[in-house]
Each structure stands twice: as C-alpha cells, then as structure tokens.
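What follows is a set of notes on a single structure, which appears directly below.
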Amino acid sequence: MLNGVCVGTNDLKAAGAFYDDVLATIGMARLAEDEVEIGYGPPGGAASFWVLTPLNKGPATVGNGVQVMFAAPSQDGVHAFYKAALAAGGADEGRPGPRSYSAGYYGAYCRDLDGNKLHVSYVSV
C-alpha cells in the first residue's frame, strides 16, 4: 500500500508557495512543515504528498519517467490546477483535454519550479 510521495526542491520556501496555490485547487492543504519539508493532504487528514530538500544536502533533481499524479474533482478542477501551476511559475507539459488512456479521461501535465512532472486528471464515469 502506498503511503505517500516525496519530491525534492532546491528552494523550500518557493516550492511551498507554488504547492499552496496549486494543491488548493484540488482540496489539498499544507498540513505539516519544518525546516526541510512540507506535507500536504486533505484538511483534517494525513499528509501524503511531501516536498523536501534532499537529506544528503545535494541538489534536488528530477527523475526521468517520474511523475506525480493528482485527482481533480472535475474537468474544471483539471483546468484550475493547470492554470494555478502556470501562474505560480510552473511549465506546461500538456494542456488540459481528453486523453485516449481510457473512456472519460481528462488530464493535463505541468512541471513545478524544480522541474518535477505533475499530472492532474479527472475520469468521468
């Protein structure tokens, strides 16, 4: 069972501001933080997404083929997440729209300030 996901950052303050804005669009909030990490999750719940400075004190780098995937409550939520990411300084990796992955799949891709790939999607049933 998956307990959570961590991504590295080279500027925790900037990453916190980015993720505060972006994750609020899908109902996630900052739940925990200290000098090296910030944890996000549903209000009143447990943190399951963490952004942190590497413990080995080396630079944070992105993984080739790695992406963090978030669920949006609607197609509008996909657009809000994507728009907030770009407004906060993130980069486009794929505009919101239907994808052929499965019936009713609607998603978007972007990168955070450190180049970590983010995917947000909504699947209608």
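Counting only distance, with no hydrogens or angles, the side chain of Asn10 and the backbone of Asp114 share no donor-acceptor pair below 3.5 Å.
The nearest pair of heavy atoms linking Arg99 to Ala108 is NH2-CA, 4.0 Å. Taking every heavy atom of both residues into account, Asn116 and Val62 meet most closely at N-CG1, 3.3 Å. Across all non-hydrogen atoms, the minimal contact from Ala46 to Pro42 is O-CD, 3.7 Å. When all heavy atoms of Ala85 and Phe18 are compared, the closest pair comes out as O-CE1, 3.4 Å. When all heavy atoms are compared, the tightest approach of Val36 to Leu12 is C-CD2, 3.6 Å. Contact record, Ala15 with Thr9: CB-OG1, 3.5 Å, taken as the closest heavy-atom pair.
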Candidate pair Tyr82 and Thr25, rule side chain to side chain contact (heavy atoms under 4.5 Å, CB included), full reasoning: CA-CA 9 Å; Tyr82 176 83; Thr25 68; over 6 Å; no
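Using a 4.5 Å heavy-atom cutoff, the side chains of Phe81 and Pro96 are not in contact.
Cluster membership for Leu2 and Val51, using ILVMFWY side-chain heavy atoms within less than 4.5 angstrom, is shared. Taken together through direct or relayed side-chain contacts under 4.5 Å among Ile, Leu, Val, Met, Phe, Trp and Tyr, Tyr109 and Val120 form parts of separate hydrophobic clusters. Put simply, Leu23 and Val68 are part of the same group of oily side chains (I, L, V, M, F, W, Y) that touch within less than 4.5 Å, one to the next. Residues Val5 and Leu118 fall within the same hydrophobic cluster, defined by Ile, Leu, Val, Met, Phe, Trp and Tyr side chains chained together at heavy-atom separations under 4.5 Å. Following chains of ILVMFWY side-chain contacts shorter than 4.5 Å, one can reach Phe49 starting from Leu113, so the two form part of one hydrophobic cluster.
The line from NZ of Lys117 to CG of Asp112 is 12.5 Å long, rounded to the nearest 0.5 Å. Interatomic distance, Tyr105 OH to Ser124 OG, rounded to the nearest 0.5 Å: 12.0 Å. Atoms CE and OG, from Met28 and Ser48 in turn, are 4.5 Å apart once rounded to the nearest 0.5 Å.
Annotation: Asn64, atom CG; neighbour count of heavy atoms from other residues, nucleotides and ligands within 6.0 Å does not exceed 12.
Below 30°, between 30° and 60°, or above 60°: for Tyr19 and Tyr40 the angle between ring planes is between 30° and 60°, a tilted geometry. Below 30°, between 30° and 60°, or above 60°: for His119 and Tyr101 the angle between ring planes is between 30° and 60°, a tilted geometry.
Defined by atom type and a distance below 3.5 Å, a donor-acceptor pair is missing between the side-chain atoms of Asp76 and Tyr122. In this structure, a donor-acceptor pair under 3.5 Å is present between the side chains of Tyr106 and His79.
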